[in-house]
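Working notes, structure below.
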Amino acid sequence: MSTLWSGRFDSGPAEALWEYSESLSYDRRLAGDDIAGSRAHVKGLKRAGLLSGEDADAILAALDQAWSEIKAGQFDFDRGDEDIHSAIERRVTEIAGDAGARLHTGRSRNDQIATDLRLFLKRELAGTARRVLALQEVLLARAEGEEETPLPGLTHLQAAQTVSLAHHLMAHAWGLSRDFERLMEARDRADVSPLGAGALGGSALPLDPEFTGGELGFAGVFDNSLDAVSDRDFVADALHALAMVGVRLSKMGEEVILWASDGFRYVSLHDEWSTGSSMLPQKKNPDIAELARGKAGRIIGALAGFLTTLKGLPLAYNRDLQEDKEPVFDALDQVNRGLLAMGGLYDTLTFNRERMSEAASSEYLLAIDIADVLVNDGTPFRKAHEKVGALVRKAMESGESLVALAESDLGIVLEVTPSSGAASLARRATRGGAGPEAVRAQAARLTARLADQRAALPD
Ligand code: ARG
C-alpha cells in the first residue's frame with residue numbers, strides 16, 4: 001500500500017491501523033470542496049512563480065477530470081487512499097504526472113482539511129437555514145386566519161390563559177427565526193480562510209493566503225497559522241446552532257404528540273405524514289414528531305461529543321480533529337430531514353377548532369380577566385388576586401359559575417360570554433400579546449422578518 005508519507009517508513013501501515021485511521025469512508029463527502037481548495041492553491045502557486053503556466057493548467061485539468069469522475073461515481077478509490085485529500089492527489093498525479101506531484105507544494109493536509117470543512121459548512125449551514133425559513137413560512141401560513149381561534153395557553157401543562165391558535169403557532173416561528181440567525185452566524189464564523197497556514201507554521205515559499213482566500217470567496221483570512229489549523233470553534237458553533245434546531249423540533253414534536261393524543265384531540269394528522277401499527281388496525285401514530293423528539297438526543301450528542309474531543313487538545317493539529325466530520329455530517333443530515341418532515345407534518349395537519357375552543361371555554365381561564373377589572377377600578381393587584389382566588393375556591397367547592405359569582409359577589413359583569421374564549425383574548429391588545437389585533441401586527445412583523453431572512457441567504 002502506498003501512502004503520502006512512505007519515504008520515511010520501512011514498512012506500510014498495519015491493517016488494523018489503517019482500518020482505524022482512514023477517513024475516506026466519510027470525508028469523500030468533502031470532495032467538491034477539496035477540489036475547490038486545490039484549484040485556488042494551484043492558482044496561488046502559479047502566481048507565486050512556483051508552478052509554470054503549463055503545469056498549473058495540467059493540474060487544473062486533472063482536478064476537473066477527477067471531479068467529473070467522482071460526480072459520475074466512476075472514481076477508482078484505492079486501498080491506499082487514506083482520506084479524500086490523498087485520493088484526489090493520487091489521481092491528479094496519475095493524470096498529470098510530474099506536474100501533479102507539485103500540487104501539494106507549500107500545503108499540508110492540516111490547512112487543507114480546515115479549508116474544506118469551512119467551505120462545506122458555509123454552504124451547508126445556508127442550506128439548513130433555508131429549510132428553517134421554509135418551516136417558519138409553513139407556520140405563518142397555518143396561523144393566518146386563526147387569530148380568533150381560541151386555544152388554552154398552558155403553563156405547567158395546565159390551562160392558564162386563552163391565547164389564539166395563530167399566536168401559538170407563531171411562537172414557534174419566532175424561535176425558528178432565532179435558529180435561522182444562529183445558523184447564519186455560525187456560517188460567518190466558518191467564513192475565514194486557513195489556507196496557507198501549512199502544517200502549523202506557515203511557509204517559507206512566497207504564498208499569499210489573502211489571494212487564495214479571496215479566490216475561494218472567504219470573507220477573511222487567518223491571522224495565526226497555529227490557530228488556523230487547530231481552530232474548530234466554527235465546528236462547535238455549527239453543532240450548537242444545529243443542536244438548537246434539533247431541540248426546537250423536539251419540543252414542537254412533543255406538542256404535536258400531545259395535540260394528537262386522545263386526551264387533547266386538537267389535531268389530526270394527514271395519512272401521508274403519519275404511520276400505522278402492524279398489529280392494531282385503529283392506530284394512527286405521530287412517528288415524525290416522535291423521531292424529532294428522539295433524534296434531538298443524537299444531535300445534542302454530536303455537540304457534546306465534539307466539545308469533549310476538543311477539550312484536551314494542545315496546539316496545533318492533532319489527529320483527534322478528524323473526529324469533527326462525522327458529528328457534523330450526521331447532525332446536518334438529521335436536522336435537514338427533520339425540518340422537511342416537520343414542515344410536511346405541520347402543513348397538512350387538520351386543526352380541530354371545536355376541541356380547542358371547548359378546552360378554552362373553562363371559566364377559570366377568565367380568573368385573570370376578573371382580577372384585571374378590579375385593578376382597572378383601582379384595587380391593588382395583590383388584593384385583587386386574593387379576592388379572585390377566594391372566588392375560584394368558592395366556585396370549585398359549590399360548583400357555581402365563576403362568572404356568575406363575579407357578578408353576584410364582586411359586581412363585575414364580564415362583557416362577553418366566557419364560552420367563546422374570545423372575550424379574554426380581545427382584551428389583550430398590547431404589543432406581542434395574544435389579542436387578534438396584536439397578533440395581526442405580530443404576523444406583519446414576522447412576514448417582514450422572513451423577507452429579510454430570505455434576502456440574507458446566498459443565491
Ligand atoms: N483526515 C485528516 C483529518 O480529517 C486530514 C488531516 C490529516 N493530517 C495529518 N497530519 N495526519 O483531520
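Indexing begins at 1, ligand by ligand and atom by atom, following the structure's order. Nothing fancy with the numbering, it's 1 onward along the sequence.
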Legend entry - Heteroatom distance test (H85, ligand 1): nitrogen or oxygen, under 3.5 angstrom: no
Inset, instruction - Just need the protein heavy atom nearest to atom 11 (N) of ligand 1, so name the residue and atom and give the distance. - result: R109 NH2, 3.7 Å
Legend entry - Side-chain donor/acceptor of K325 to backbone N/O of R29, under 3.5 Å: no
Inset, instruction - Check the surroundings of atom CZ in R319: do more than 12 heavy atoms from other residues, nucleotides or ligands lie under 6.0 Å from it? - result: yes
Legend entry - Nearest-neighbour protein heavy atom for atom 1 (N) of ligand 1, which is reported as residue plus atom name and distance: Q322 OE1, 2.9 Å
Legend entry - S23: numbered ligand 1 atoms lying under 4.0 Å from its heavy atoms: 1 (N)
Inset, instruction - Could you tell me whether the side chain of P152 reaches within less than 4.5 Å of the side chain of Y266, counting heavy atoms only? - result: yes
Inset, instruction - Name the closest protein heavy atom to atom 6 (C) of ligand 1, giving the residue it belongs to and the distance to 0.1 Å. - result: Y317 OH, 3.4 Å
Inset, instruction - Flag this pair as yes if the NZ/CZ of R47 is under 6.0 angstrom from the six-membered ring centre of F211 and inside a 45 degree cone about the axis; otherwise no. - result: yes
Legend entry - F120 side chain near K122 side chain, heavy-atom distance below 4.5 Å: no
Legend entry - Nearest-contact summary for atom 5 (C) of ligand 1 - protein heavy atom, Å: D83 OD2, 3.7 Å
Legend entry - ligand 1 contact on D324 by region, counting heavy-atom pairs under 4.0 Å: neither
Legend entry - D330 CG to I299 CD1 distance, which is reported to the nearest 0.5 Å: 7.5 Å
Inset, instruction - Would you indicate which of D27, N110, L117 comes nearest to atom 8 (N) of ligand 1 when only heavy atoms are counted? - result: N110
Inset, instruction - Test side chain to side chain contact (heavy atoms under 4.5 Å, CB included) on R449 and R445 and set out the steps. - result: CA-CA 6 Å; R449 173 76 69 99; R445 288 197 302 272; over 6 Å; no
Legend entry - Non-hydrogen atom of E82 closer than 4.0 Å to ligand 1: no
Inset, instruction - Just let me know how K325 lines up against ligand 1, side chain, backbone, both or neither, with a heavy-atom cut-off below 4.0 Å. - result: side chain
